[in-house]
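Just so it is clear: chains get the letters A, B, ... in the order the sequence lines come, proteins before strands, and each one is counted from 1.
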Amino acid sequence: MIYGVFSIFLKSRCTSGTNRLYNQIEFPGMLTIRNERLLTNSMVILRLFIGWHFLYEGIIKLYNPDWTSLGYLASAQGPFRSFFISLTSDSMIGIADWGNKMALIFVGMTLLLGVFEKWGALVGALLLALYYLAHPSFPWLTEVNVEGNYWFVNKNLIEFMVCVVIYQLPTSHNFGLQRLFDKKKEVLTQTN
Amino acid sequence: MKFTRRDALKGLGGIPLMGAVWWAGAASSVAKKKERSAILEQLNIQPSLPTAVPGIGGDPIRIGIIGFGIRGEQLCRALGFATNEWKEEMRLAAKENPDNTALADFEAQDKLNVHLAGICDIFDYRANKALNSFNTPDSKMERFRTYKEMIRSGKVDAVVIATPDHWHAPMTIDALENDIHVYVEKPMTHTVEETYRLQEAALNSKAVLQVGHQHRQTLSFQTAKDIILKGTIGHVSLIQTNTNRNDDNGAWMYEIHPDASPQTIDWDMFLGSAPKIPFNKNHFFRWRKWWAYGSGLSGDLLSHDFDRLNCVLNMGIPDSVMTSGGIYTHRDGRNVPDVLQVNMEYPEFSTGSSQPKGKEKGMTFVYSATLGNGFSRPTILMGHDGTLELGNQLTIWPDGQSTRYADMIENGKMNPRVPIYQYNPGASVPDGVASATSQYFADKGLMWTYINGARVDSTFLHMREWLSCTRNGGKVSCGIKEGFEEAISSHMAGLSYKLGQRIEWDKEQGRLKPIEGIDFDKALLASL
């Protein structure tokens, strides 16, 4: 099955039968998957972790009436500073706060439940791109209240890339509500 | 194909996970909220709202400006009048740096019902500068050669005095005796004797006196009052407040204007009661560096810090003061110290106690200043139950050994390293300083309060309050009582530095306790 998934995105051919024996898929000149099942399971876990993280962040904010993104936005740095500052205006900040909470919960739910995961991954990547751009880890900017040390690449950027990968390797058919929908479709097709 | 158990597990497995995460997040948020509201409920601090001031009705109040130097110009802007030069400078500054909102802030400021009717400055350039911008066809401004002429002209209802310190009291007393309202810069007076005389003049005058301690309008100070009143930090035994400056401007090395000459400056008028010396530009523009015209760190900057605390605690004049210091960082011919340590004793004062009655009483107010280092030392009020950091923002830390919070600290509900309260009236204003700290607060999950969000110039509020009182009656925030306490306390600090002795206050007599063979004012003004 994972072969199918790959074939959609990589438009590659699976080659030798020997490889199949060892559960190995080869994409000439591109990448080799040593263990299909292991990759699937890892991707499922990765998807669940990202969903877990987003949902928890969203819920914490949802249940805390004092929470606001104002401080984060107002202290924005880098090339898009003025855009983020404009979000702190009285008319915008409510929308920004609400949008952020809803987006976090949406991403969390889609990735955890395994449904519309590609949309979830896309929104997640967008959120993380915004977080990164508001406080980019550029060496010429002073980092405010950040744990760890970063040079261009920081955790937001890494999680952004994870979302991009999840978008390209969906796993909800393996673990998630999507599996049931797909099954239902199959059942319907068969009865028809 | 049929649904297998395997399918059900794999298809629905995310649901319990989602439920678990949702529950954990909600529970944690609610628990934190509960804990915080329990603390806040116990503290019961009421953040202050800006006080409403009745408007100034009727004809515009006619104001005379005495002294149009650096501060005089600032005060005029607070009244709603900026020179063309300043506006142009700020327009260019805003162009260069969009964060510079000085001009926009000025233009957004509420308009006061006032008319700048007179200007009195003994330097022609400055008087003309005011006339050029403020003397317009629909709003005439007249130049007066002397303050006496202006006060007696019948053309002004009120005067704003922003002159060197040695002129504050003579001008204020003259205005009050003629029932002209006065806004005078700090320190209210230059000597002990004139402080007594000014007190009498103010008490006998119908005019309204406001001393220029504009921070009395700062919301955080009003909130701090409530914090102390509620016994939030318990008995305060020590206050530490500081001046930390390390630049020429901060050390009063102001620019010398090229137009300055004996022809453009009325030098005799400048000297007034000061010793007669030949024309000296350095003295004229940098008068804060000599006791003859200025008051050094004690009158110039301690007066601010003293009044800030007096505004919060209302502790009044100390029983005694001991000061030491010297000229250690700017040996440029000045005779006022640039490093100063002042200890003010209040053996009878208390902010309340959480311990057995009679155990705690008395407080020391320490002012520590240097003009040779800019490391920002905050103002700290140290109480048995907590520590309050006082500024535009307020932060309270519980004390590890607090009696009041002993249970909460033991239960882990409070942590001496984590503030239990924060107040930041400017938190919703996205300027560089406020936002960096507000993110810090947000990150730490601490409290912040915003009040309408808008940033308002406290000098504007202070002048508006004064003007409103002249029309509508009411009490100003920094009248003669507050001004008297500020001036006497500052002079006690200056005197102790000069004499190397403890200076004591006689509460009953309302006078300094005399020291045999010492003329206080002579000592205070002495050049060494």
Next item on the list: Would you please name every residue forming a side chain to side chain donor-acceptor pair (under 3.5 Å) with B:K87, sequence neighbours left out?
Entry: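 For B:K87, no residue satisfies side chain to side chain donor-acceptor pair (under 3.5 Å) once neighbours in sequence are set aside.
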Checklist line | With B:R404 via salt bridge (charged side-chain N to carboxylate O under 4.0 Å, His left out) - residues at least two apart | finding: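 Testing B:R404 for salt bridge (charged side-chain N to carboxylate O under 4.0 Å, His left out), a comparison that skips the adjacent residues, returns none.
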Check: What residues, two or more places apart in sequence or in another chain, satisfy salt bridge (charged side-chain N to carboxylate O under 4.0 Å, His left out) together with B:K32?
Finding: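 Partners of B:K32 by the salt bridge (charged side-chain N to carboxylate O under 4.0 Å, His left out) criterion come out as none, since no residue qualifies.
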Checklist line | Check: A:Y131/A:N100 side-chain N/O donor and acceptor closer than 3.5 Å | finding: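 There is such a pair (donor and acceptor under 3.5 Å, judged by atom type) between the side chains of A:Y131 and A:N100.
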Notebook entry, point to check: Between B:T395 and B:Q422, is any side-chain donor less than 3.5 angstrom from a side-chain acceptor?
Noted result: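 There is such a pair (donor and acceptor under 3.5 Å, judged by atom type) between the side chains of B:T395 and B:Q422.
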Checklist line | Verdict with reasoning, A:T68 to A:D97, per side chain to side chain donor-acceptor pair (under 3.5 Å) | finding: CA-CA 6 Å; A:T68 168; A:D97 283 352; 3.0 Å; yes
Next item on the list: Please step through side chain to side chain donor-acceptor pair (under 3.5 Å) for the pair B:D226 and B:T223, ending with a clear verdict.
Entry: CA-CA 5 Å; B:D226 192 55; B:T223 303; over 6 Å; no
Check: Any idea which of B:A8, B:P98, B:S29, B:G14 has the most non-hydrogen atom pairs under 4.5 angstrom with chain A?
Finding: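 The candidate making the most pairs under 4.5 Å is B:S29.
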Check: What part of A:L73 is in contact with chain B, defined as an atom under 4.5 angstrom from a non-hydrogen atom: side chain, backbone, both or neither?
Finding: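 Neither the backbone nor the side chain of A:L73 comes within 4.5 Å of chain B.
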Notebook entry, point to check: Which residues in residues 51-64 of chain A have any heavy atom lying under 4.5 Å from a heavy atom of chain B?
Noted result: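 Answer by number: A:W52, A:L55, A:Y56, A:I59, A:I60, A:L62, A:Y63, A:N64.
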